[in-house]
Number of protein chains: 2
Amino acid sequence: MTIRQDIHNSEIPALCRSCEARHRGVCGALTTDQLVELSRHTTKRKVDPGTVLVSDADTIDSYANVLAGVVKLTKTLPDGRQQIVGLQFAPDFLGRPFKHESSITAEAATPVRVCAFPKKSLDRMIEQAPELSHRLHLQALNELDEARDWMLMLGRKTASERVASFLHLIARHSDPEAEISGEISFDLPLTRADIADFLGLTIETVSRQLTKLRKDGLIAVENNRHITVFDVARLERRANV
Amino acid sequence: MTIRQDIHNSEIPALCRSCEARHRGVCGALTTDQLVELSRHTTKRKVDPGTVLVSDADTIDSYANVLAGVVKLTKTLPDGRQQIVGLQFAPDFLGRPFKHESSITAEAATPVRVCAFPKKSLDRMIEQAPELSHRLHLQALNELDEARDWMLMLGRKTASERVASFLHLIARHSDPEAEISGEISFDLPLTRADIADFLGLTIETVSRQLTKLRKDGLIAVENNRHITVFDVARLERRANV
DNA sequence: CGGCGTTTTTGATCCAGGTCAAGGTGTTGC
DNA sequence: GCAACACCTTGACCTGGATCAAAAACGCCG
């Protein structure tokens, strides 16, 4: 008990408090025993933008929680055309349960902190902890819903609707509680190239659409990264959400 | 025991044998008790193409197994632009666990047989049968993988690659065991309009690309629906899978 | 079989967004 | 402070696929 308490008061809580934000992490679904076991194999890492966390060539042997930053999931055609197929924000879970190879590359889009643990240990725990399994199921369904919204965007929206949709997505993520109509500021977690790969456009088109939004007085841009949206509701209308 | 055996030999087995094909159905994960309970509220339906099974306006109060045919999941923008975001083949499970409203419309693309049961009953069983929950989790992950392949297609592939990808998808589905290189025939489960909504194109472009494939000697088309692919490997190369 | 609505194909034209090519703007290190 | 580099914007032009219009093929029913 003292030992457990010890661990619980030193390493694990820090790990878990961040995992637990917004109740989408993994740790809160585990018993103290499992946490102790897991923490033995856990490694926290801080990685720079551009670092590849999982390559589509690899076999997957670890999972991770995103503690801070944004991870982009990409797919690439043989000739280099690329598409971002998912964005993982803290505290999302990173990994593909029940499968040993990935067809997806995961790469840090911003400076990222992750907390990684071996697939084996967690897979064992999934079987024992229905609550954990349920959370992972929920995240999968959630990602599926997002992917489908995104498919509508990729298949049917115009360039200007796409860029507005993207800004709206980031705005909502940066402050989920924000007023529907009103002003909101945030830093873009992606470069223009990433935004283009996200939206299925080129960087030139993204840039032109941002310029248009700026000239229309809907947003302000500082240092290419910091965005202020003056009227979220109007942006949303442009996005055709 | 006799009663159970009775039921098991009359209604349920028929239902389950179809559900169970390719091990993606729901029934095989249930105990006999649960099957008996479920079968009390189960209704099989045969529906014509175009019938809406779930509307995005509705609240969801039932699940279903697709026993035969193809169901398309669509999203529509206010101005009518539409995108197919999922295709459910038999014996897929149809429904969104843990949520009471859908942002998606499910519509029969071909004549379809479904076996529907109330959400409530199954939700209760999910909690009691980890095996069932696990299967649904697997299907969700599977659909997520498919959605992401699809996003790459929608974001980055050309019209000709898209149409080839589509034919390849249907070919694989119609005979998963088929030779990689060789001939294969099948009926398209979708109209040109559906194919266009699937691929993010217009019907004219789909038609032109099919004509091109025909003129290139890669496929033959009879009655607008029956397709023969002469060289699956060559099609796959065109698709840039 | 022939008439009629629906679906598909084909053709002509147009335009949103891609491509190519400079030029700006920040950021980092010396 | 300024050189070097990475990133972003702007402009000119081009093209793949959309749009509009019409003809052809199919499917259904009397």
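Proteins come first, then strands; the chains are lettered A, B, ... in the order of their sequence lines, and each starts at number 1.
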Give the rounded distance in Å between these two atoms: CG of A/Asp48 and P of C/dT27.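 My rounded result for the distance is 17 Å.
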
Rounded distance in Å - CD (B/Glu222) to P (C/dT9):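 It is 14 Å, rounded to the nearest whole Å.
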
Start with the C-alpha distance between B/Lys157 and B/Ser165, add both sets of side-chain angles, then the distance that settles side-chain hydrogen bond (donor to acceptor under 3.5 Å, both in side chains), and finish with yes or no. CA-CA 9 Å; B/Lys157 286 194 187 174; B/Ser165 298; 3.1 Å; yes

Does this structure show an ion pair linking B/Glu236 with B/Arg172, if we count only N-O contacts that are shorter than 4.0 Å?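 Result for this pair is no, no salt bridge flagged.
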
Salt-bridge present (A/Asp197, B/Arg156; N to O < 4.0 Å):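 So A/Asp197 pairs with B/Arg156 through a salt bridge.
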
Under 3.5 Å, which N/O atoms of the protein pair with N/O atoms of nucleotides 1-7 of chain C?
none

Could you check whether the rings of B/His173 and B/Phe89 sit parallel, tilted or perpendicular, using 30° and 60° as the cut-offs?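 Because their plane-to-plane angle is under 30°, the rings of B/His173 and B/Phe89 count as parallel.
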
Examine distances only and state if a side-chain atom of [X] and a backbone atom of [Y] form a donor-acceptor pair shorter than 3.5 Å.
X: A/Lys119; Y: A/Lys99; answer: yes
X: B/Asp58; Y: B/Ile60; answer: no
X: B/Gln139; Y: B/Phe93; answer: yes
X: A/Asp175; Y: A/Glu177; answer: yes

Do [X] and [Y] have side-chain heavy atoms sitting under 4.5 Å apart?
X: A/Ile104; Y: A/Asp56; answer: no
X: B/Thr42; Y: B/Cys115; answer: yes
X: A/Val54; Y: A/Arg96; answer: no

Enter the inter-axis angle for the ends of the helix from C/dC1-D/dG30 to C/dC30-D/dG1 (five pairs per end, rounded to 10°).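 Both end axes considered, the difference amounts to 40°.
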
With a 4.0 Å heavy-atom cut-off, tell me which residues in residues 200-211 of chain A come close to DNA chain D, sorted by residue number.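 Nucleic-acid contacts, sorted: A/Glu204, A/Ser207, A/Arg208, A/Thr211.
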
At a heavy-atom distance below 4.0 Å, which nucleotide of DNA chain D is the first touched by chain A, and which is the last?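 That gives a stretch of D/dC8 to D/dA12.
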
Once ring-ring contact (aromatic ring centres under 6.0 Å, His included) is applied, what residue pairs with a partner in residues 206-240 of chain B remain, sequence neighbours excluded?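 As it turns out, there is no ring-ring contact (aromatic ring centres under 6.0 Å, His included) pair with a partner in residues 206-240 of chain B once direct neighbours are skipped.
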
Qualifying ring-ring contact (aromatic ring centres under 6.0 Å, His included) pairs, either residue in residues 175-202 of chain A, two or more places apart: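 Sorted pair list: A/Trp150-A/Phe198, A/Phe166-A/Phe198.
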
